[in-house]
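Naming convention: chains lettered A, B, ... in sequence-line order (proteins, then strands); numbering from 1 in each chain. Bear in mind that the values here come from a model prediction, so they are computed numbers and not experimental data.
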There are 2 protein chains.
Amino acid sequence: MAKGARGLSIGQIAAAAGINLETVRYYERIGLMPPPARTEGGHRAYDPAHVRRLAFIRQARALGFGIEDIRTLLALAAPGHRSCGEVRDVAAAHLAEVRAKLARLARLERILSDTVERCSGAPTPACPVLDMLDAPM
Amino acid sequence: MAKGARGLSIGQIAAAAGINLETVRYYERIGLMPPPARTEGGHRAYDPAHVRRLAFIRQARALGFGIEDIRTLLALAAPGHRSCGEVRDVAAAHLAEVRAKLARLARLERILSDTVERCSGAPTPACPVLDMLDAPM
DNA sequence: CTGCATCCCGTAGCCACTACGGGATCAAGC
DNA sequence: GCTTGATCCCGTAGTGGCTACGGGATGCAG
């Protein structure tokens, strides 16, 4: 064996991908990361393909994709299977969810902001926040 | 006993407040709702004060307040303890969190929307979505 | 070869519910 | 009074996506 047979430790790929070490083990448990080779002593030994996959997962998580979506995306990203249409469908569905959450949060922001502002403003006798919570939407 | 000693069933207050029945029992388990009186057979018998409290909780949840915040708000809303300043602090802190989430979601929306749009547009050879997931932020 | 960093694994906790299941109780109709 | 069907009882487990903990085994530098 000349050299390259060693592989990266879990701590190393975790650091490389900017992911918590325990999260990497979690991804393996749920089948999102394939089980890597092991050293004689039982420690995980990863290769660069694992790092790329982990970076892909991190990126997808950062964009808010759920684990199941990522599972699908990883399958669709496999070489020879690059069906951009299906990928777009997954991304578009996720985008729709993001937009729904965005709209809901914007509504909340408006209500809370209005109410809190009224709180610091005019010297009303009652508490605007509590009033809002007592009144039905 | 003339009449009013009966009380509402859990199903009735749940429906009245628009909350899942099992959620009401959950709120009682975690101490957010006080334990109501019981019938001889052990069924919960609520009074109107419970309904008001539950409506308050529902409103606060709809505005995105967490359970611990609601616990605080309920204490601050107790008669004789109406300190609007503290209430405003809780609401303002929550508003800040909402704004942070909003900003993050807006970023995601922009990225996803740009990428998905590029997908349906020009006849590029590769998949823009997968490209984005492969590339670091 | 010693010492310390790292890694092993399983389990439990987080939040705010939701679901399930087998039995008890309630209210209304006859 | 009795039957029937709706409702309610309680405890437990599952959801998503991790994160934390603990006690022991390994890896590697000096």
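Listed by first then second residue, pairs satisfying salt bridge (Lys or Arg N to Asp or Glu O under 4.0 Å) with a partner in residues 57-67 of chain B number zero, not counting sequence neighbours. Screening residues 26-46 of chain A for salt bridge (Lys or Arg N to Asp or Glu O under 4.0 Å), with sequence neighbours left out, gives E28(A)-R38(A), E28(A)-R44(A). Screening residues 102-113 of chain B for salt bridge (Lys or Arg N to Asp or Glu O under 4.0 Å) gives R99(A)-E109(B) as the qualifying pairs, with residues at least two apart or on separate chains. For residues 28-65 of chain B, the pairs satisfying ring-ring contact (aromatic ring centres under 6.0 Å, His included) are Y46(B)-H50(B), F65(B)-H94(B), with sequence neighbours left out. Legend: salt bridge (Lys or Arg N to Asp or Glu O under 4.0 Å) pairs involving residues 71-80 of chain B, not counting sequence neighbours, sorted by first then second residue: E68(B)-R71(B).
Residue E68(A) contributes atom CD, which lies 11 Å from atom P of dT15(D) at whole-angstrom precision. In this structure, the CD1 atom of I70(A) is 8 Å from the P atom of dC18(D), given to the nearest Å.
Across A92(A) and V116(B), no two heavy atoms sit closer than the pair N-CG2, 4.2 Å.
Taking 4.0 Å as the cutoff to heavy atoms of chain B, we find the contact window on DNA chain C bounded by dA16(C) to dC26(C).
For the helix from dC1(C)-dG30(D) to dC30(C)-dG1(D), the terminal axes (five pairs an end, C1' atoms, rotation from four pairs onto the next four) enclose an angle of 10°, given to 10 degrees.
For the atom pair CG (L112(B)) and CG (L105(B)), the distance works out to 10.0 Å, reported to the nearest 0.5 Å. Atom CG of L8(B) is separated from atom CD1 of I13(B) by 7.5 Å, given to the nearest 0.5 angstrom. To the nearest 0.5 Å, atoms CD (Q59(A)) and CD1 (I111(B)) are separated by 8.0 Å. Atom-to-atom distance recorded for L130(B):CG and C84(A):SG is 7.0 Å, nearest 0.5 angstrom. We find the OG1-CG distance between T115(A) and D131(A) to be 9.5 Å, quoted to the nearest 0.5 Å.
A donor-acceptor pair under 3.5 Å links the side-chain atoms of Q12(B) to the main chain of S9(B), judged by distance alone. A side-chain donor-acceptor contact under 3.5 Å links R53(A) to the backbone of L32(A).
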Polar-atom pairs under 3.5 Å, protein N or O versus N or O of nucleotides 27-30 of chain D: list them with distances, or write none.
{"from": "dG27(D)", "atom 1": "OP1", "to": "T39(A)", "atom 2": "OG1", "distance (Å)": "2.8"}
{"from": "dG27(D)", "atom 1": "OP1", "to": "G41(A)", "atom 2": "N", "distance (Å)": "3.2"}

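In the region residues 20-33 of chain B, proximity to DNA chain D at under 4.0 angstrom, judged on heavy atoms, holds for L21(B), R25(B). Residues from residues 89-101 of chain B that place a heavy atom under 4.0 Å from any atom of DNA chain C: there are none.
With sequence neighbours left out, T23(B) forms a side chain to side chain contact (heavy atoms under 4.5 Å, CB included) with I19(B), N20(B), Y27(B). Residues that satisfy the side chain to side chain contact (heavy atoms under 4.5 Å, CB included) test with A100(B), not counting sequence neighbours, are absent from this structure.
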